[in-house]
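Read through the structure below, which is laid out as structure tokens, and then see the notes.
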Number of protein chains: 2
Amino acid sequence: MKKYAALLKRTKLFSGVGENDILSMLHCLNAQVREYNKGEYAFRQGEYIRSLMILAVGRLHIQKEDYWGNLNILNEIRPGEMFGEAYIVPNSGTLMNDVVAIEESVVLFFDIDRILTVCPSACPFHTQLIKNIFYTISDKNKSLVQKISYMSQRSTREKLLSYLSDEAKRHNSNSFSIPFNRQQLADFLSVDRSAMSNELSKLRNEGMLDFHKNEFTLREL
Amino acid sequence: MKKYAALLKRTKLFSGVGENDILSMLHCLNAQVREYNKGEYAFRQGEYIRSLMILAVGRLHIQKEDYWGNLNILNEIRPGEMFGEAYIVPNSGTLMNDVVAIEESVVLFFDIDRILTVCPSACPFHTQLIKNIFYTISDKNKSLVQKISYMSQRSTREKLLSYLSDEAKRHNSNSFSIPFNRQQLADFLSVDRSAMSNELSKLRNEGMLDFHKNEFTLREL
DNA sequence: AAAGGTCTGTTGTATTTACAACGAAAGCAG
DNA sequence: CTGCTTTCGTTGTAAATACAACAGACCTTT
């Protein structure tokens, strides 16, 4: 467990907590370690989750199989990332997705009740930890809401415009660069790449925007 | 403020806390009340938020105007609902949306730092409050992830199948009823109602499912 | 410089969706 | 019961998208 302290220090969950304090907290939080072979399921649809997890080593896929057996990959978890934070609410039903190790992986488990209940010994960093979790899922919440606002647009054009519009606001400038290449942007917006490229060209021809690679500039009309 | 205690008792934020305890906590949390006229903006895009809000009376719209001036309503807030929980993270940038009162409205403000930092007098319900917030945004997170998983499907058919498939899992049965009428389901999945009705009919003709009003039954193939 | 790979824009066609319009069924009010 | 409103399914047409295929630009490697 000790060997993961350096990794944990860099996670959102333990942000602002020193390595020594992390080690003392691991006991307080009843931290557990589990290893998974490539292809092994960490969780299956229908299970209850009572912990918060951090992936220490390897790679996980959050995926889902529908009633007729079609597989769908929802998310990829990389080392340092927290997951399961949305499934620890009591009485909220069971896990809707599968979690599969696509490489040999190591996962750290933290007892959720020990995190949320301030312990009797009142570790000085417990409050910090609660804030960190809160901030992390708030942040994720925000990203999800934004993403839904793009995806709920009906056409590829409107999806592009709403996303680029938000990025311009976020950068306080009508010129900005985005963190995606074309295929990634298309995946993010859930549209076809070639159709999106096509639409970008149309928007450029109509004078609404300009772009070179990942650099975009929005134009007044 | 006292007159809102009954309302607050029924909110997710104060779930499990008695009215008397709520009143004593309101001071501890530095609760503030603000009223808005119909049409008045509670918040504008670009502002920083340092509180958690609960709508006590009226109705609010979370909406967004893009770079070219197009308006888009993202969400409607009704009495008892909490909002702003995704925007209180420090250094996470500013509000991306506008919040507008579409009726005369009353909003309660709770200082976010006082919520997350356990107070010196250690009110017995402070831990409960933190859990409640955590559960609420976790829950919201979960709903958002599920919704994205439906919306990221490319066709109306796939959106329907992934949603209905999840509902069947959630009910542990291939027969279940959904909480939407057709138009609401179409809005939820961000598709055209008539196209969706059409697709439902096709699925029924193909023997994949049956439905009467809001009652659905999935069939093995 | 040449070869191989990836990324991007473009085009054509088949498929799917949006939109408008309408009639039948169901629910509600007087 | 009658008339009014809402909901739902259906259809036809215009518009948008998915998909496949390809060429040029840009990288990296040798």
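Proteins come first, then strands; the chains are lettered A, B, ... in the order of their sequence lines, and each starts at number 1. The figures here come from the full heavy-atom set of this structure, side chains too, leaving out hydrogens, waters and symmetry mates.
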Pairs: protein N or O with nucleotides 19-22 of chain C N or O, under 3.5 Å:
residue, atom, partner, partner atom, Å
dC19(C), N4, Ser194(B), OG, 3.4
dA20(C), N6, Ser194(B), OG, 3.4

List, with names and distances, any nitrogen or oxygen atoms from the protein found under 3.5 Å away from nitrogen or oxygen atoms belonging to nucleotides 24-29 of chain C.
residue, atom, partner, partner atom, Å
dG27(C), OP1, Lys213(B), NZ, 2.7

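A salt bridge links Glu76(A) with Arg78(A); the closest basic N to acidic carboxylate O contact falls under 4.0 Å. Classification of Arg157(A) and Glu199(A) as a salt-bridged pair holds, one side-chain N sitting under 4.0 Å from a carboxylate O. A salt bridge links Glu167(A) and Arg170(A); the closest N-O separation between the charged side-chain nitrogens and carboxylate oxygens is under 4.0 Å. Checked for salt-bridge contact, Glu103(A) and Arg59(A) meet the test: a charged N lies under 4.0 Å from a carboxylate O.
Straight-line distance from the CE atom of Met196(A) to the C1' atom of dT17(D): 14 Å, rounded to whole Å. Between the NZ atom of Lys202(B) and the C1' atom of dG9(D) there is a distance of 13 Å, rounded to whole Å. In this structure, Arg204(B) places its CZ atom 7 Å from P of dG9(D), rounding to the nearest Å. Taking atom CD of residue Glu215(A) and atom C1' of nucleotide dT8(C), one finds them 16 Å apart after rounding to whole Å. Between Asn198(B) atom CG and dA18(C) atom P there is a gap of 11 Å when expressed in whole angstrom units. One can place CG of Leu200(B) at 13 Å from C1' of dT10(D), the figure rounded to the nearest angstrom.
Heavy-atom distances under 4.0 Å link DNA chain D to no residue of residues 181-189 of chain A. Proximity of residues 156-164 of chain B to DNA chain D (heavy atom under 4.0 angstrom from any strand atom) is not detected for any residue.
Between Phe43(A) and Phe83(A), the ring planes lie perpendicular to each other; the angle is over 60°, past the 30° to 60° tilted range. Note on ring orientation: taking the six-membered ring where Trp is involved, the planes of Tyr163(B) and Tyr150(B) are perpendicular (angle over 60°, cut-offs 30° and 60°).
For the atom pair Leu74(B) CG and Asn97(B) CG, the distance stands at 5.0 Å (nearest 0.5 Å). The CG atom of Leu189(A) lies 8.5 Å from the OG1 atom of Thr156(A); values are rounded to the nearest 0.5 Å.
Among residues two or more places apart in sequence or in another chain, the side chain to side chain donor-acceptor pair (under 3.5 Å) test is passed with Arg182(B) by none. By the salt bridge (Lys or Arg N to Asp or Glu O under 4.0 Å) test, Arg193(B) is found to be paired with no residue, residues two or more places apart in sequence or in another chain being considered. Residues passing the ring-ring contact (aromatic ring centres under 6.0 Å, His included) test with Phe180(A), sequence neighbours excluded: Phe188(A). With sequence neighbours left out, Glu40(B) forms a salt bridge (Lys or Arg N to Asp or Glu O under 4.0 Å) with Arg34(B). Residues passing the side chain to side chain donor-acceptor pair (under 3.5 Å) test with Asp66(A), sequence neighbours excluded: Asn70(A). Among residues two or more places apart in sequence or in another chain, the ring-ring contact (aromatic ring centres under 6.0 Å, His included) test is passed with Phe134(A) by none. Residues forming a side chain to side chain donor-acceptor pair (under 3.5 Å) with Ser175(B) (at least two apart in sequence, or on another chain): Thr217(B).
A 4.5 Å side-chain heavy-atom check between Met196(B) and Leu185(B) finds at least one atom pair inside the cut-off.
Between the axis at the start and the axis at the end of the helix from dA1(C)-dT30(D) to dG30(C)-dC1(D) there is an angle of 50°, using five pairs per end and rounding to 10 degrees.
Within the nucleic acid shown, Ser197(B) comes within 4.0 Å of at least one base atom, counting heavy atoms only.
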